[in-house]
Amino acid sequence: MIKLVILLCLLFIIICWIYLFYPRQSTPIAEKLEIKTPDSGKYDYDDCIHPCIRHIPEGFCGYHWWMVQSPYYNRDSKYENPLLYYSKEDSFPSKWEFSAEVAKTPVKGFNSDPNLFYESNKLWIFWREFGTPLCDSISASMVTVGVYTIDGKTFSKKMVYLTQQNPNFDAEQAPVLLKKGNKYYFYASYYQYNPKRINKGIAIWEGTSLSKPDFVLKEIVPFKHIYTCDKWKQLRIGTKLFFIPKPLKHDLWHFDLYAYKDKLYMFSVAEWGDNIMLSVSEDDKNFKTFHLPLVNNHYLEKFTKQRVYFYKPTGYIEKDTIYLYFTATSTIDKRRNDLFKTKILLKKYKIYQK
């Protein structure tokens with residue numbers, strides 16, 4: 001009898017474990033969008049990665065929706081330059097039209113991780129440069145630079161906003177710019193690379209001007225990680241594979257931020273790219289991550305027929321609905337990434353709200 005009770009208890013624990021960690025998501029399948037890139041003369045690659053989409057209610061150059069992205073076709077960094085797009089659609093756009101290449105390929109090093117910020121009839125584009133001549137000229141391993149445009153085609157002179165001298169730390173992982181009051185804030189993942197690669201949380205820089213950059217590192221806020229499941233890394237007993245989830249830490253990698261109803265929401269992926277998670281902050285720095293993914297790799301897999309890799313999500317919230325964009329490995333050409341969109345009701349997470 002005692003053995004039976006112990007066995008039932010173990011079975012109950014296993015069932016709870018599987019229920020808690022087995023991949024699931026809150027949203028139906030996403031819609032794949034078409035994105036065109038300039039003719040490279042070498043590939044017809046039409047790649048999309050690291051998108052940043054912003055809605056401009058008053059309009060900019062006649063359009064309300066703008067996007068920047070940096071293609072990374074075949075993991076070739078010479079394509080990873082910020083490209084600017086706009087949409088003629090009124091809401092949650094599916095069609096994006098190419099506007100301009102924001103920066104050319106540097107003679108050495110590469111560009112990456114662009115994001116947008118709009119203010120006073122100027123659309124600002126920020127991105128990172130790694131190992132470029134500009135980095136060399138100021139003895140930095142990496143810099144975050146920015147330009148602005150007033151016509152969507154031509155751009156101001158590039159300025160440096162953040163610098164990284166220590167190659168053992170990647171303190172500028174995909175910076176996102178927000179404004180609160182009269183001050184500007186860059187948010188970015190903060191990684192330690194040596195002696196062991198560890199996410200140390202979120203780095204926040206504070207500045208008072210975009211025309212005369214004066215940003216200083218304000219603080220590094222620990223990020224409370226949550227554990228999710230990767231179906232491809234399940235628990236094994238001996239040489240046989242058992243379908244028991246192995247929890248993996250959602251190490252904050254790329255993210256985007258959106259302020260809504262006095263809270264700051266984060267859409268994020270871990271570097272292993274299996275889940276897109278939702279986090280929320282009530283003080284603009286300490287985030288709580290919800291266990292239910294916004295999008296899960298293994299649900300999307302049912303439609304794509306292959307394992308896909310998420311890179312960076314972006315989006316906005318309107319009328320208690322999350323409008324989410326993200327990129328995932330193409331099913332047609334594994335060297336490229338496709339852009340998807342989907343929407344999720346925020347009330348699915350209401351049990352976490354006050």
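- Following chains of ILVMFWY side-chain contacts shorter than 4.5 Å, one can reach L177 starting from I150, so the two form part of one hydrophobic cluster.
- For the pair F215 and L162, the minimum side-chain heavy-atom distance is below 4.5 Å.
- Using a 4.5 Å heavy-atom cutoff, the side chains of F117 and F126 are in contact.
- The minimum heavy-atom distance linking L339 with Y325 is given by the pair CD1-CB, 4.3 Å.
- No side-chain donor-acceptor contact under 3.5 Å links T144 to the backbone of R128.
- Under the 3.5 Å distance criterion, the side-chain polar atoms of H64 are left unmatched by any main-chain donor or acceptor of H55.
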Starting from the C-alpha separation in whole Å, work towards a yes-or-no answer on side-chain contact (heavy atoms from CB on, under 4.5 Å) for L324 and V295. CA-CA 9 Å; L324 187 73; V295 183; 3.7 Å; yes
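- Aromatic rings of F155 and Y148 (six-membered ring for Trp) have centroids beyond the 6.0 Å cut-off, not under it.
- In this structure, a donor-acceptor pair under 3.5 Å is present between the side chains of T154 and D151.
- Side-chain heavy atoms closer than 4.5 Å link hydrophobic residues (I, L, V, M, F, W, Y) into clusters, and following such links, even through other members, never connects M277 to F340.
- Cluster annotation: V107 and I138 are assigned to distinct hydrophobic clusters (Ile/Leu/Val/Met/Phe/Trp/Tyr, side-chain heavy-atom contacts under 4.5 Å, transitive).
- Note: W127 CH2 to Y161 OH = 10.0 Å, rounded to the nearest 0.5 Å.
- Exactly one of N337, D333, D47 qualifies for a side chain to side chain donor-acceptor pair (under 3.5 Å) with Y73. That residue is D333.
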For D214 and S209, run side chain to side chain donor-acceptor pair (under 3.5 Å): C-alpha distance rounded to whole Å, both residues' side-chain angles, the deciding distance at 0.1 Å, then the answer. CA-CA 7 Å; D214 59 352; S209 173; 5.7 Å; no
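- Between the side chain of D338 and the main chain of A328, no donor-acceptor pair closer than 3.5 Å is present.
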side-chain contact (heavy atoms from CB on, under 4.5 Å) between K312 and I49, intermediate numbers included: CA-CA 7 Å; K312 185 239 176 185; I49 205 166; over 6 Å; no
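- Taking the six-membered ring for Trp and thresholds of 30 and 60 degrees, F98 and Y85 have ring planes more than 60 degrees apart, a perpendicular arrangement.
- Within 6.0 Å of CD on E219 lie more than 12 heavy atoms contributed by other residues, nucleotides or ligands.
- A donor-acceptor distance shorter than 3.5 angstrom exists from the side chain of K153 to the backbone of S99, with no hydrogens or angles considered.
- The one candidate from K32, E89, K341 that meets the side chain to side chain donor-acceptor pair (under 3.5 Å) condition with S94 is K341.
- A salt bridge between D136 and K108 is present, with a side-chain N of the basic residue lying under 4.0 Å from a carboxylate O of the acidic one.
- When side chains are defined from C-beta on, V68 does not count as touching L83, because their heavy atoms never get closer than 4.5 Å.
- Under the 3.5 Å distance criterion, the side-chain polar atoms of D283 are matched with a main-chain donor or acceptor of N286.
- Between W65 and Y316, the distance separating the two ring centers is shorter than 6.0 angstrom.
- Between atom NZ of residue K334 and atom CG of residue N74 there is a gap of 13.5 Å, rounded to the nearest 0.5 Å.
- At a cut-off of 3.5 Å, with distance as the only test, no side-chain donor of H50 or T314 sits close to an acceptor on the other residue.
- Cluster membership check: F290 shares its hydrophobic cluster with L294, using side-chain heavy-atom separations under 4.5 Å among Ile, Leu, Val, Met, Phe, Trp and Tyr.
- In terms of modelled atom types and a separation under 3.5 Å, the side chain of Y311 and the main chain of C48 share no donor-acceptor contact.
- Side-chain contact between Q69 and I35 is present, with at least one heavy-atom pair separated by less than 4.5 Å.
- For the atom pair OG1 of T327 and NE2 of H254, the computed distance is 9.0 Å after rounding to the nearest 0.5 Å.
- With respect to the salt-bridge test (charged N to carboxylate O, under 4.0 angstrom), the residues E129 and K158 qualify.
- Between D256 atom CG and I276 atom CD1 the span is 11.5 Å, to the nearest 0.5 Å.
- A centroid separation of less than 6.0 Å is found between the aromatic rings of F60 and W66.
- Between E206 and the options K179, K180, K218, a salt bridge (charged side-chain N to carboxylate O under 4.0 Å, His left out) holds for only K218.
- Side-chain atoms of T132 and F110, non-hydrogen and from C-beta on, never get closer than 4.5 Å to each other.
- The structure places CG of N199 at 4.5 Å from OH of Y191, a figure rounded to the nearest 0.5 Å.
- With rounding to the nearest 0.5 Å, the separation of CG in L84 from SG in C52 is 10.5 Å.
- The nearest pair of heavy atoms linking G315 to Y258 is O-CD1, 3.9 Å.
- Using a 3.5 Å distance cut-off with no hydrogens or angles, the side chains of N275 and N296 do pair a donor with an acceptor.
- A heavy-atom distance below 4.5 Å is found between the side chains of L134 and V143.
- Within the 4.5 Å cutoff, the side chain of Y184 has no heavy atoms near those of the F186 side chain.
- There is a path of hydrophobic side-chain contacts, each under 4.5 Å, that joins V145 to L116.
- Between the side chain of N111 and the backbone N or O of P82, no donor-acceptor pair lies under 3.5 Å.
- The shortest heavy-atom contact between L252 and H225 is N-CE1, 3.8 Å.
- S211 approaches W124 most closely through the heavy-atom pair N-CH2, 4.4 Å.
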Let me see the working for L264 and L178 under side-chain contact (heavy atoms from CB on, under 4.5 Å), right down to the final yes or no. CA-CA 10 Å; L264 190 58; L178 298 179; 3.8 Å; yes
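- Note on D320 versus K261: salt bridge recorded, some NZ/NE/NH1/NH2 to OD/OE distance being below 4.0 Å.
- Side-chain contact between K343 and F92: present, with at least one pair of heavy atoms (C-beta onward) separated by less than 4.5 Å.
- Salt bridge status for K122 with E119: absent, with no side-chain N to carboxylate O gap under 4.0 Å.
- Taking the ring centroids of F223 and Y190, they lie at or beyond the 6.0 Å cut-off.
- Judged purely by atom type and a 3.5 angstrom limit, Y323 has no side-chain atom pairing as donor or acceptor with the backbone of P93.
- Taking all atoms of both residues into account, the shortest heavy-atom contact from L346 to Y260 is CD2-CE2, 4.1 Å.
- The main-chain N or O of I226 is never found under 3.5 Å from a side-chain atom of T289 such that the two would form a donor-acceptor pair.
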Could you give me the CA-CA distance, side-chain angles and deciding distance for K285 and I204, then say whether side-chain contact (heavy atoms from CB on, under 4.5 Å) is met? CA-CA 8 Å; K285 64 178 184 179; I204 303 175; 3.9 Å; yes
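- For the pair D251 (side chain) and A270 (backbone), a donor-acceptor distance under 3.5 Å is absent.
- Heavy atoms only, all atoms of each residue included: R336 and D46 are closest at CD-O, 3.9 Å.
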